[in-house]
Amino acid sequence: MGPLVAVVDYGMGNLHSVARALEAAGARPRRTARPGEVIEADGVVLPGVGAFPAAVARLAESGLGEAVLAAARAGLPLLGVCLGMQLLFEASEEEGGAQGLGLLPGRVVPLPRSPGLKVPHMGWNTVTWEGDFPLFRGLEPPVYFYFVHSFCVPGLAAGAPGAPAVATCSYGITFLAAVARGNVLGTQFHPEKSGGRRMSVYRNFVGLCAGRRRRAAGCG
């Protein structure tokens, strides 16, 4: 039986597609709007489509934001997808600005409007990374993934003690396509829309959830 993965339902995400992808990757996805069910899972996915300030408000009003923070502090693998990844950072400049969950260092900013580049950034683009990135095991960079977004987190300096592992993409600016620090992970792209071998992103995440479940059960 696969690990139980809570898919956080705060009313702003494509939960059905994410849940189907997790199930195909070997998990038991549970779409939930109940804070208690988030912390009881073996792992958590925070999806998201829409505006950052509205998402933060809904997470706060529902208690789901505190539940996500508690899950992260408890060591559960946590994956933010698209807007869900942005919510993991400290703040966003979208619609006048709002504070994020603060689990990762950085600020969400608008994609620059450059000649010949349309915003939102929609479609396939290459993602690159160096070294062992937990979500990309089994893949070799560069890899095309599917993006739909108008805001991003600019590339962070890697290599400093405690700095997140990062994967980057370029679209008028070099921005974070994926990030990982301990049990907190995120992708700006949509793995569930990317298909094929790229679905290994979800399989790798489910593997992290299964490993955490075994450790919690005292199985090494």
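Numbers here simply count residues along the sequence, with the first being 1.
- For the pair Asp9/Thr32, no side-chain contact is recorded, criterion being any heavy-atom separation below 4.5 Å from C-beta on.
- Using a 4.5 Å cut-off on side-chain heavy atoms (C-beta onward), Val109 and Cys152 make contact.
- Although no hydrogens or angles enter the test, the distance criterion places a donor-acceptor pair under 3.5 Å between the side chain of Ser194 and the main chain of Tyr146.
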* **Working for side-chain contact (heavy atoms from CB on, under 4.5 Å), residues Tyr202 and Leu79** => CA-CA 9 Å; Tyr202 277 125; Leu79 174 63; 3.9 Å; yes
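- When side chains are defined from C-beta on, Val143 counts as touching Trp129, because their heavy atoms get closer than 4.5 Å.
- Within the 4.5 Å cutoff, the side chain of Phe205 has no heavy atoms near those of the Val81 side chain.
- In this structure, Phe145 and Phe136 have tilted ring planes: the angle between them lies in the 30° to 60° band.
- A single hydrophobic cluster is not seen to contain both Phe147 and Val153; linkage of ILVMFWY side chains at heavy-atom distances under 4.5 Å, directly or through other members, places them apart.
- The shortest distance between side-chain heavy atoms of Leu139 and Phe133 does not fall below 4.5 Å.
- At distances below 3.5 Å, at least one donor-acceptor pair connects side-chain atoms of Asn125 with backbone N or O atoms of Ser170.
- Between Pro35 and Ser62 the shortest heavy-atom distance is CG-O, 3.5 Å.
- At a threshold of 4.5 Å between side-chain heavy atoms, the hydrophobic network of Ile, Leu, Val, Met, Phe, Trp and Tyr places Leu4 and Ile39 in two separate groups.
- With Asn183 contributing its side chain and Ala72 its backbone, the two residues share a donor-acceptor pair below 3.5 Å.
- Glu66 contributes atom CD, which lies 9.0 Å from atom CG of Leu101 (distance to the nearest 0.5 angstrom).
- Distance alone, capped at 3.5 Å, is enough to place a donor-acceptor pair between the Arg28 side chain and the Gly2 backbone.
- In this structure a side-chain-to-backbone donor-acceptor pair under 3.5 Å is present from Arg58 to Gly11.
- Hydrophobic clustering keeps Leu135 apart from Leu76 (ILVMFWY residues linked when any side-chain heavy atoms are closer than 4.5 Å, directly or through intermediates).
- Residues Met85 and Ala177 approach most closely at SD-O, 4.3 Å, considering heavy atoms.
- Scanning all heavy atoms of the two residues, the minimum distance from Pro134 to Ala180 falls at CG-CB, 3.9 Å.
- Considering only heavy atoms from C-beta on, Leu111 stays 4.5 Å or farther from Pro120 through its side chain.
- His190 approaches Cys82 most closely through the heavy-atom pair NE2-SG, 3.4 Å.
- Contact detail for Gly172 and Ser114: the closest heavy-atom pair is CA-OG, 4.0 Å.
- Under the 4.5 Å side-chain heavy-atom criterion for Ile, Leu, Val, Met, Phe, Trp and Tyr, Leu176 and Val108 are members of the same hydrophobic cluster.
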* Asked: Run the side-chain contact (heavy atoms from CB on, under 4.5 Å) check on Leu83 and Val49 step by step: do they pass?
  -> CA-CA 6 Å; Leu83 174 61; Val49 176; 5.9 Å; no
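- Among residues two or more places apart in sequence or in another chain, the salt bridge (charged side-chain N to carboxylate O under 4.0 Å, His left out) test is passed with Arg137 by Asp132.
- If you take CZ on Arg203 and CG on Leu22, they are separated by 12.0 Å, rounding to the nearest 0.5 Å.
- A distance of 9.5 Å separates CZ in Arg20 from CG in Asn14, rounded to the nearest 0.5 Å.
- Put simply, the residue from Leu185, Val68, Val38 that forms a side-chain contact (heavy atoms from CB on, under 4.5 Å) with Leu78 is Val68.
- Between atom CD of residue Glu37 and atom CG of residue Leu64 there is a gap of 10.0 Å, rounded to the nearest 0.5 Å.
- Counting heavy atoms from C-beta on, the side chains of Pro47 and Val7 come closer than 4.5 Å.
- With rounding to the nearest 0.5 Å, the separation of CG in Leu59 from CG in Leu69 is 9.0 Å.
- Under the 6.0 Å cut-off for aromatic ring centres, His149 and Tyr171 do not qualify, their centroids lying 6.0 Å or more apart.
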* Given Leu88 and Val179, is the side-chain contact (heavy atoms from CB on, under 4.5 Å) satisfied, shown in steps? -> CA-CA 10 Å; Leu88 302 178; Val179 64; 5.6 Å; no
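- Side-chain heavy atoms closer than 4.5 Å link hydrophobic residues (I, L, V, M, F, W, Y) into clusters, and following such links, possibly through other members, connects Val184 to Phe89.
- Residues Phe52 and Ala98 share a closest heavy-atom pair of CE2-O, 3.7 Å.
- Within the structure, every pair that satisfies the salt bridge (charged side-chain N to carboxylate O under 4.0 Å, His left out) test and touches residues 86-95, not counting sequence neighbours, is listed here: Glu93-Arg107.
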* Using the side-chain contact (heavy atoms from CB on, under 4.5 Å) rule, take His121 and Ser150 through it: C-alpha gap first, then chi angles, then the decisive distance, then the call. => CA-CA 6 Å; His121 173 209; Ser150 299; over 6 Å; no
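- Distance CZ/Phe175 to CZ/Phe151: 13.5 Å, rounded to 0.5 Å.
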